[in-house]
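I have placed the structure first, in the form of structure tokens, so that the comments after it can refer back to it.
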Amino acid sequence: MFTILANNWSTLLSGLGYTLMASLIALVGSLVIGTLFALMEISTYRWVAIIGRIYVEVVRNIPLLVITMAFYVIVPTYVVQIDGFTAGTIGLTIYTSAFIAETVRAGIESVAVGQMEGARSVGMTYTQAMVNIVFPQAIKIVIPPLGNQFINLVKNSSILAFVAGFDLMYQGKIIANTTFNTFDTYLAVGLLYLILTMPLSYYMRHLEKKWNVA
Amino acid sequence: MSMIEFHDVEKYYGKFHALKDINLTIDRGEVVTIIGPSGSGKSTLLRTINGLERVQSGQLIVNDFDLADKKTDMNRIRKNVGMVFQHFNLYANKTVMENITLGPTLVLKSNKEQAREEALKLLDQVGLREKADSYPSALSGGQKQRIAIARSLAMKPKALLFDEPTSALDPETIGDVLDVMKDIAKQGMTMVVVTHEMGFARHVGDRIVFMSDGEILEDATDVGAFFDHPKEPRAQEFLSKIINH
Amino acid sequence: MKKRLVPLMVAALCGMLLLVSGCGKSLADQDVLQHAKQTNTIVWGVKADTRLFGLMNTKSGRIEGFDIDMAKALTKEILGPKGKAQLVQVTSDTRVPMLKGGNIDAIIATMTITPDREKVLNFTQPYFNAGQSLLVKKGSRIHSVKDLKKGDKVIGVQGSTSVDNIQKAAPQATVLQLSDYAQAFTALKSGQGLAVTTDNGILYGMSEQDHRYVVVGGTFTKEPYGIAINKGQTAMTQRMDQAINTLRKNGTYEKLINKWFGNVPGFDIKEVE
């Protein structure tokens, strides 16, 4: 394994960079999109809620590979030219956003109805009440499951390998195919994924503790 | 001069007829208590007054705005009509001080310093100045409810609604809350109070409304007479149960 | 009891092994040309999964392609008009063991003549000049490997030697590696790269399927297909070579090439014969 690491250091490092970049973009993107759809799902406007519900149900029940291939093949053919990295990152963002929407929705719904009513009763708008009262309480509840989603996201970023997105898994596959040292290569790749996921996991735990004090 | 007017108001939850043909006018400065058995529609009636529940038909005028009209901005009503809940609904993520000042700064755009000063005055009024920096989770039920009242008062409302404010409290803390309410009543606030506290209804209220099955059965300005000789059989039955209890 | 059994079993095992290997030997070692003449049949190992060369027609249940037609024509040439060509499906992994085991007489299955293979097999002269090439969209500025500049993307298939070859032939180009040929072609269609690179035989198959894509620039590696016969079967090898020459001379070869590749846009018979 160490020879694999030593001989392919720069290749694996560049793969790690692409994986990190895709993960960060998808993390921010899916958090924003997911929260948006969570808000749609709990909207009192029936049609908005239905659209939110359909999005979440459709997206989270389709394999990540299919969503990603759609962006890799269909979008460039009919809409705009995007490369494998972009297609993979968009696919990953969309896919994860559905799970985040569900997590955030559950978090918001677990904040007692009275909190919203209390805020509305002094004349706060829906948005003011959400931002000042409900969200801060929902975040505490949502952080542990959100942490799981984020770790899954980093691992799921290996989808980029299928669309030649130059990520860690893609480089790993190529090294395995040229050296035929499959086991050691994937062991090295696994180790590098740990380097990404462990700090994330640790940070989410830290956040969990920090928010629980307040 | 009327503050709240119900004209032929109907309210349904699906097929359930929650409020039946409600006609009720409450003047400014009046203290009205609403009593009646559970599920009689008292809380629903109260919640329609600040738009937490919508009415389906009839006219509901609060502070000169028609609440049955969908174009009416509910936030403007709520600025002027405060609400005190059975379960307090204090913001769990905010300190006592923030609970009180958040409404004025966000909604009334008061400056922070001014809001803080007024909050301290209100805390004095409810006797909880030392709790300014506590979180709600550190307060007893009675303390929470006094803070909730202070929070409502901070908005300088034209009317205050109380939804069973003492029902969730330990008996020994009820007195403090009722004292604060009496105080507010004396200052001439328009108050609508849904309660099971017959003592408060009898001695503080100017007027008593008895509800059952979504209807107003009695509406008496002579509160003493109502308690001594209720006309309605269902009111007689209800009072005998409460008093014997 | 047990002790006496062991030598007995060893003896039996040895006998069986001798018998099996002996049988195998007798089958593979006999002169296949003579055997073919006796039975009036040549048994061919062919592919059934390669477009244009040997592909199972799911409607008729028959294998069809250039390799198949060549096998039939060669059989008629060697055994006369009544000679029978028996087709046995093989894959890249099974074809050599089957030939060695005597299950088939000859392999005509997109098999490249390589020095390593020549050590264990006899090959005829090349019958199809295969090699690595490029498939591009019609009208592309890429006309050969030389046109690939820095930053140009070429699509290959993971784990194939064709990726190494293109990196040597066009070191400035970026190679995108996808998991199989179907995905590689799909990626080309959606504009993810300027060209797909692999054996021209496979590229012709893609081009024949979608005429908007053409094979350009000839081959930049030499991987000629030959017919393989077991080592030592000199008579059959020579006869087969002779037969190929005859087919070339009498126009059958050109006719078959045109039948299968005439439909491929931009196909040039000179590149492959």
Side-chain angles (χ1 to χ4, degrees), chain A residues 31 35 38-39 42-50 53 103-147 204-214, chain B residues 43 46-47 49-54 63 73-95 98-110 115 135-137 144-145 147-163 168:
Chain A
L31 194 60
T35 307
L39 288 174
I42 57 167
S43 168
T44 46
Y45 296 102
R46 199 159 143 259
W47 281 106
V48 175
I50 288 174
R53 190 85 222 132
T103 309
V104 171
R105 180 188 62 84
I108 291 173
E109 283 179 350
S110 69
V111 175
V113 188
Q115 293 291 313
M116 175 58 95
E117 285 191 347
R120 298 306 300 275
S121 77
V122 298
M124 279 189 222
T125 62
Y126 184 81
T127 314
Q128 285 174 329
M130 268 290 169
V131 169
N132 291 288
I133 307 303
V134 179
F135 261 181
Q137 294 183 54
I139 279 176
K140 269 195 233 177
I141 300 163
V142 156
I143 276 185
L146 222 48
M204 293 310 280
R205 272 181 205 285
H206 167 76
L207 269 188
E208 208 179 312
K209 271 185 199 150
K210 195 178 126 190
W211 282 89
N212 269 336
V213 174
Chain B
S43 287
L46 199 72
R47 288 163 66 87
I49 300 174
N50 77 341
L52 285 175
E53 304 285 348
R54 286 262 179 185
N63 197 27
D73 178 7
M74 287 300 167
N75 296 322
R76 282 185 68 176
I77 305 293
R78 295 191 188 114
K79 256 197 267 188
N80 293 315
V81 180
M83 177 109 177
V84 174
F85 299 89
Q86 179 176 357
H87 295 287
F88 334 118
N89 297 357
L90 291 179
Y91 317 134
N93 59 324
K94 303 280 179 194
T95 63
E98 290 165 335
N99 261 277
I100 299 171
T101 56
L102 201 59
T105 49
L106 279 182
V107 180
L108 303 178
K109 314 287 178 204
S110 312
Y135 279 91
S137 55
K144 281 182 194 165
Q145 197 60 298
I147 299 299
I149 293 169
R151 176 175 75 178
S152 294
L153 289 173
M155 295 297 293
K156 302 202 168 57
K158 298 208 163 65
L160 259 187
L161 311 174
F162 294 81
D163 190 3

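Source: prediction; values computed, not measured. In what follows, every chain begins at residue 1, and chains take the letters A, B, ... in the order their sequences are listed.
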Looking only at Gly123(A), Ala119(A), Pro136(A), most heavy-atom pairs under 4.5 Å shared with chain B are made by Gly123(A)

Just so I understand: if I count every heavy-atom pair under 4.5 Å between each of Gly82(B), Ala92(B), Gly103(B) and chain A, which residue has the most? Ala92(B)

Chain A heavy atoms under 4.5 Å from Met155(B): which part of the residue, side chain, backbone, both or neither? side chain

Not counting sequence neighbours, list each pair that qualifies as a salt bridge (charged side-chain N to carboxylate O under 4.0 Å, His left out) and has a residue in residues 105-115 of chain A. Glu41(A)-Arg105(A), Glu102(A)-Arg105(A), Arg105(A)-Glu109(A)

Non-hydrogen atoms of chain A under 4.5 Å away: do they reach the side chain of Leu106(B), the backbone, both or neither? both

Under 3.5 Å, which donor-acceptor pairs link chain A to chain B? Give each pair on its own line with the distance.
unit_1: Gly114(A); atom_1: O; unit_2: Asn89(B); atom_2: ND2; d: 3.1
unit_1: Gln115(A); atom_1: OE1; unit_2: Ala92(B); atom_2: N; d: 3.2
unit_1: Gln115(A); atom_1: NE2; unit_2: Leu90(B); atom_2: O; d: 2.8
unit_1: Glu117(A); atom_1: OE1; unit_2: Arg47(B); atom_2: NH1; d: 3.0
unit_1: Glu117(A); atom_1: OE2; unit_2: Arg47(B); atom_2: NH1; d: 3.3
unit_1: Glu117(A); atom_1: OE2; unit_2: Arg47(B); atom_2: NH2; d: 2.4
unit_1: Arg120(A); atom_1: NH2; unit_2: Asn75(B); atom_2: OD1; d: 3.4
unit_1: Asn132(A); atom_1: O; unit_2: Asn93(B); atom_2: ND2; d: 3.1
unit_1: Gln137(A); atom_1: NE2; unit_2: Asn93(B); atom_2: OD1; d: 3.3

Leu102(B) versus Val122(A): any side-chain heavy-atom pair under 4.5 Å? no

Report which part of Ile77(B) has an atom under 4.5 Å of a heavy atom belonging to chain A: side chain, backbone, both, or neither. neither

Is Val84(B) close to chain A through its backbone or its side chain, or both, or neither, when contacts mean heavy atoms under 4.5 Å? neither

Tell me which of these, Leu90(B), Leu161(B), Val107(B), has more heavy-atom pairs under 4.5 Å with chain A than the rest. Val107(B)

Using non-hydrogen atoms and a 4.5 Å limit, figure out which bit of Ala112(A) sits close to chain B: side chain, backbone, both or neither. neither

